[in-house]
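First comes the structure, then the notes that go with it.
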Amino acid sequence: MRYQRPKGTADILPGTSETWQFVEQTARDLFARYRFDEIRTPMFENFEVFSRTSGDTSDIVTKEMYDFKDKGDRHLSLRPEGTAGVVRAFVENKLYGPETQKPYKVYYMGPMFRYERPQSGRQREFHQIGVEAFGSNAPELDVEVIALGMNLLSKLGLKHLRLALNTLGDQETRAAYRQALIDFLEPHFDELSDDSKVRLHKNPLRVLDSKDAHDQEIVANAPSILDFLTPDATTHFNQVKASLDALGIDYDVDATMVRGLDYYNHTIFEIMADSPALGEGYTTVLAGGRYNGLVEELGGPEMPGVGFGMGVERLVLLMQAEQVPVPNDHPLDVYVVGIGDDTSIETLKLVQAIRRAGLTADRDYLGRKPKAQFKTANRLDAHYTLTIGDQELANQTANLKAMATGEEVSVPLADIYQDFQAVVAQKFTTK
RNA sequence: GCGGUAUUGGUGAAGGGGUUAACACACCGGAUUGUGGUUCCGGCACGCGUGGGUUCGAUUCCCACAUACCGCCCCA
């Protein structure tokens with residue numbers, strides 16, 4: 001094995017790529033219905049685009065960035081997530097201007113990169129499909145984004161979904177809560193896990209998320225952020241909940257839920273799926289929230305935003321685990337069997353004629369015997385075979401056979417070249 | 001970045017310091033001349049992840065590295 005793919009990357013081969021195409025197509029169709037348009041931004045950006053937006057102390061920035069200096073000594077980074085690049089593009093192209101309709105709604109899909117230890121559903125190069133909507137503070141827009149996420153996952157055949165909802169409030173809320181949390185946790189400092197000791201002052205919210213059993217016991221009695229919401233934040237959150245109720249979307253409020261990226265505020269949510277494919281318990285497959293202030297952070301005007309990102313690898317694993325059927329878009333209509341060395345050119349012309357007629361066609365290129373070619377046609381589940389040998393070549397005919405019934409008829413080549421579909425319709429009225 | 005487990009052909013895998021590395025599936029070929037299933041016959045590991053070491057001799061023992069999977073961290 002001379003070369004192998006870089007650690008944490010994957011080859012998506014035929015057999016699986018159909019699932020990816022199905023996911024992407026389903027997403028595009030659904031996004032169009034919600035009136036989101038596609039935006040394509042670079043796979044790498046200036047390092048600062050991510051470090052400014054994700055938070056200098058976030059794990060993504062401190063240890064997971066694929067950053068490098070290029071030959072012009074520019075400090076670049078492969079995108080670890082989709083939002084920052086979209087916001088940068090939004091600002092750089094002045095899409096906040098009055099000539100664009102608000103909210104400005106876009107979606108993206110593509111590879112993301114994080115330098116971390118690979119596991120199931122976690123790679124160094126992975127893919128996300130996400131949406132962003134800029135320019136409105138309406139809680140109903142948060143809910144539209146959430147509904148879109150739920151809608152997408154259910155269209156893709158996932159069941160056992162759980163929507164977890166929380167709010168981080170506004171600046172004032174966060175500052176007050178942060179202090180309250182520190183005040184609460186400090187008396188327990190010695191009891192905390194080593195990880196949480198570090199987190200306490202760096203990012204106390206993270207302690208809430210600790211997997212350590214003892215940490216969780218302590219945290220169970222911690223104050224809830226919901227008790228520190230400002231009136232505005234409370235109103236926003238209540239309206240989000242009311243709108244979800246109105247749409248009949250179930251959710252669980254999880255006051256301890258936090259985000260890995262620092263730019264979120266107000267509504268945050270995760271859609272989780274329960275499947276052994278991704279280990280024990282629920283795993284997040286789609287997550288997002290509101291990020292008011294991010295546009296300003298990257299040099300734009302004050303302009304709110306809300307969006308989500310979905311992990312395609314995780315999604316595909318879940319779909320495979322739940323055996324979601326993926327439609328086969330290109331069944332084989334006709335396999336052309338050529339017998340003898342002299343038929344190869346005619347065979348080539350025939351497959352081309354059939355393709356021109358709008359059907360799918362294939363043939364043998366290994367000079368194999370008729371029996372082997374029929375075996376192949378059978379295995380490929382061809383609807384018809386079209387057989388031509390020296391005899392037929394001399395007569396300018398070919399034998400068209402319906403594989404399901406075994407019925408075979410002789411057809412003039414001229415008819416095939418003129419209108420293959422008509423030949424099939426005429427000879428096999430039922431099929 | 002830390003810890004654990006694993007690494008044999010296209011695939012699933014058995015084996016174990018010593019001539020030809022089971023078995024199954026898949027694939028290819030054949031069973032009288034140009035037709036799909038079944039059956040039968042035959043073929044199919046540059047040699048056991050890579051590089052060192054121990055040994056008369058290693059794929060089998062030891063070390064390092066690589067990769068995968070699991071847990072932690074974190075996250076989609």
Side-chain angles (χ1 to χ4, degrees), chain A residues 1-10 13 54 57-64 79-83 109-130 149 153 193-196 198-199 203 206 209-213 257-261 270-273 276 278-280 283-288 308-318 335-341 343 364 366-393 398-408:
Chain A
M1 211 62 83
R2 194 78 209 154
Y3 295 106
Q4 43 189 198
R5 59 181 181 265
K7 187 187 184 87
T9 62
L13 306 175
S54 300
T57 61
S58 70
D59 281 283
I60 285 182
V61 172
T62 55
K63 60 181 207 187
E64 293 176 5
R79 38 138 93 147
E81 55 98 25
T83 302
M109 47 183 72
M112 308 290 162
F113 305 85
R114 288 183 198 172
Y115 191 90
E116 61 184 344
R117 202 64 177 264
Q119 275 174 50
S120 175
R122 174 187 298 184
Q123 296 171 189
R124 290 186 171 183
E125 180 186 28
F126 63 106
H127 297 75
Q128 284 192 344
I129 295 177
L153 293 179
S193 67
D194 291 343
D195 285 327
S196 289
V198 176
R199 285 187 284 232
N203 194 344
R206 291 233 142 274
D209 211 26
S210 175
K211 301 286 191 303
D212 184 89
M257 184 169 74
V258 295
R259 307 265 59 200
L261 278 5
E270 295 185 1
I271 302 176
M272 300 185 271
L278 293 170
E280 295 296 307
T283 308
T284 302
V285 61
L286 186 152
F308 72 65
M310 175 181 77
V312 182
E313 277 78 2
R314 288 184 179 185
L315 172 70
V316 169
L317 282 172
L318 289 167
Y335 191 86
V336 179
V337 175
I339 303 169
D341 298 336
T343 58
D364 172 74
L366 301 175
R368 296 191 304 157
K369 303 221 156 144
K371 185 186 177 84
Q373 294 190 46
F374 273 91
K375 265 181 152 169
T376 300
N378 200 46
R379 202 170 47 241
L380 297 176
D381 209 21
H383 296 333
Y384 298 97
T385 49
L386 188 63
T387 308
I388 183 163
D390 294 336
Q391 195 82 58
E392 291 77 11
L393 197 55
N399 298 323
L400 182 62
K401 179 177 185 177
M403 293 299 276
T405 61
E407 189 184 351
E408 188 166 17

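Numbers restart at 1 for each chain; the letters A, B, ... are given by sequence-line order, proteins then strands.
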>> Tell me the interatomic distance from A:Glu64, atom CD, to B:rG1, atom P, rounded to whole angstroms.
In response: 12 Å
> What is the distance, rounded to the nearest whole Å, between atom CD of A:Glu125 and atom C1' of B:rU67?
Replying inline: 17 Å
>> Just verifying a value: how many Å separate A:Leu315 CG and A:Leu286 CG, rounded to the nearest 0.5 Å?
In response: 9.0 Å
> When rounded to the nearest Å, what value does the distance between C1' atoms of B:rA21 and B:rG47 take?
Replying inline: 8 Å
>> A:Arg117: which residues meet the salt bridge (Lys or Arg N to Asp or Glu O under 4.0 Å) condition with it, sequence neighbours left out?
In response: none
> Would you say A:Glu81's side chain and A:Thr83's backbone share a donor-acceptor pair under 3.5 angstrom?
Replying inline: yes
> Going from CG on A:Leu153 to CE on A:Met310, what distance comes out if it is rounded to the nearest 0.5 angstrom?
Replying inline: 6.0 Å
> In whole Å, what separates the P atom of B:rG16 from that of B:rC56?
Replying inline: 24 Å
> Which part of the nucleic acid, if any, lies within reach of A:Met403 when heavy atoms closer than 4.0 Å are counted: base, sugar-phosphate only, or nothing?
Replying inline: base
>> Generate the contact string for nucleotides 28-34 of chain B. Rules: B means base contact, S means sugar-phosphate contact only, - means no protein heavy atom under 4.0 Å.
In response: SSS---B
> What distance, rounded to whole Å, do you find between the two C1' atoms, one in B:rG15 and one in B:rA45?
Replying inline: 14 Å
>> Using 0.5 Å steps for rounding, measure from the CD atom of A:Gln123 to the CZ atom of A:Arg5.
In response: 8.5 Å
>> Is there, by distance only and without an angle test, a donor paired with an acceptor across the side chain of A:Arg117 and the base of B:rC75 below 3.5 Å?
In response: no
>> Using a 4.0 Å heavy-atom cut-off, does A:Gly130 contact any base of the nucleic acid, only the sugar-phosphate backbone, or nothing at all?
In response: nothing
> Starting at CE of A:Met112 and ending at C1' of B:rC75, how long is that distance when rounded to a whole Å?
Replying inline: 14 Å
> Using the C1' atom in both, what is the distance from B:rU19 to B:rC62, to the nearest Å?
Replying inline: 26 Å
> The side chain of A:Tyr115 lies closest to which of these nucleotides: B:rU35, B:rG1, B:rC75?
Replying inline: B:rG1
> What integer number of Å spans the P atoms of B:rG12 and B:rU55?
Replying inline: 37 Å
> Is the backbone of A:His127 close enough, under 3.5 Å, to the side chain of A:Glu313 for a donor and an acceptor to pair up by distance?
Replying inline: yes
> Mind checking the P distance from B:rC69 to B:rG51? Whole angstroms is fine.
Replying inline: 24 Å
>> Rounded to whole Å, how long is the line connecting atom CD of A:Gln128 with atom P of B:rC75?
In response: 13 Å
> About how many Å separate CD of A:Glu408 and CG of A:Leu386, when rounded to the nearest 0.5 Å?
Replying inline: 9.5 Å
> Mind checking the P distance from B:rC2 to B:rU54? Whole angstroms is fine.
Replying inline: 29 Å
> Under a cut-off of 3.5 Å for both distances of each Watson-Crick or G-U pair, what dot-bracket string does RNA chain B give, using [ ] for crossing pairs and | for inter-strand pairs?
Replying inline: (((((((..(((.....[....))).(((((.......))))).....(((((..]....))))))))))))....
>> Within this structure, what is the NE2-CE distance for the pair A:His383 and A:Met403, rounded to the nearest 0.5 Å?
In response: 11.5 Å
> Can you check the A:Gln123 CD to B:rC70 C1' distance for me, whole Å?
Replying inline: 16 Å
> Which heavy atom of A:Arg124 sits nearest a heavy atom of A:Glu116, and at what distance?
Replying inline: NE-O, 2.8 Å
>> In this structure, how many angstroms lie between the C1' atom of B:rA76 and the CG atom of A:Leu318, rounded?
In response: 11 Å
>> Classify A:Gly338 by what it touches in the nucleic acid, base, sugar-phosphate, or nothing, heavy-atom distance under 4.0 Å.
In response: nothing
> Between A:Glu270 and A:Gln119, which has a closest nucleotide on RNA chain B that is more 5'?
Replying inline: A:Gln119
> For the pair made of CD in A:Glu313 and P in B:rA76, what is the distance, rounded to whole Å?
Replying inline: 13 Å
>> Strictly below 4.0 Å: does A:Gln4 bring a side-chain N or O up to OP1 or OP2 of B:rA66?
In response: no
>> Rounded to the nearest 0.5 Å, what separates atom CG in A:Leu400 from atom OG1 in A:Thr385?
In response: 7.0 Å
> Given that A:Gly8 and A:His127 both sit by RNA chain B, which one's nearest nucleotide is further toward the 5' end?
Replying inline: A:Gly8
> When rounded to the nearest Å, what value does the distance between P atoms of B:rG3 and B:rC73 take?
Replying inline: 16 Å
> How close or far is atom C1' of B:rA66 from atom CZ of A:Arg5, stated in whole angstroms?
Replying inline: 13 Å
>> Under 3.5 Å, is there any donor-acceptor pair linking the side chain of A:Arg114 to the base of B:rA76?
In response: yes
>> Looking at A:Asp364, is its backbone amide N or carbonyl O close enough to the side chain of A:Tyr335 to form a donor-acceptor pair, meaning the two atoms are under 3.5 Å apart?
In response: yes
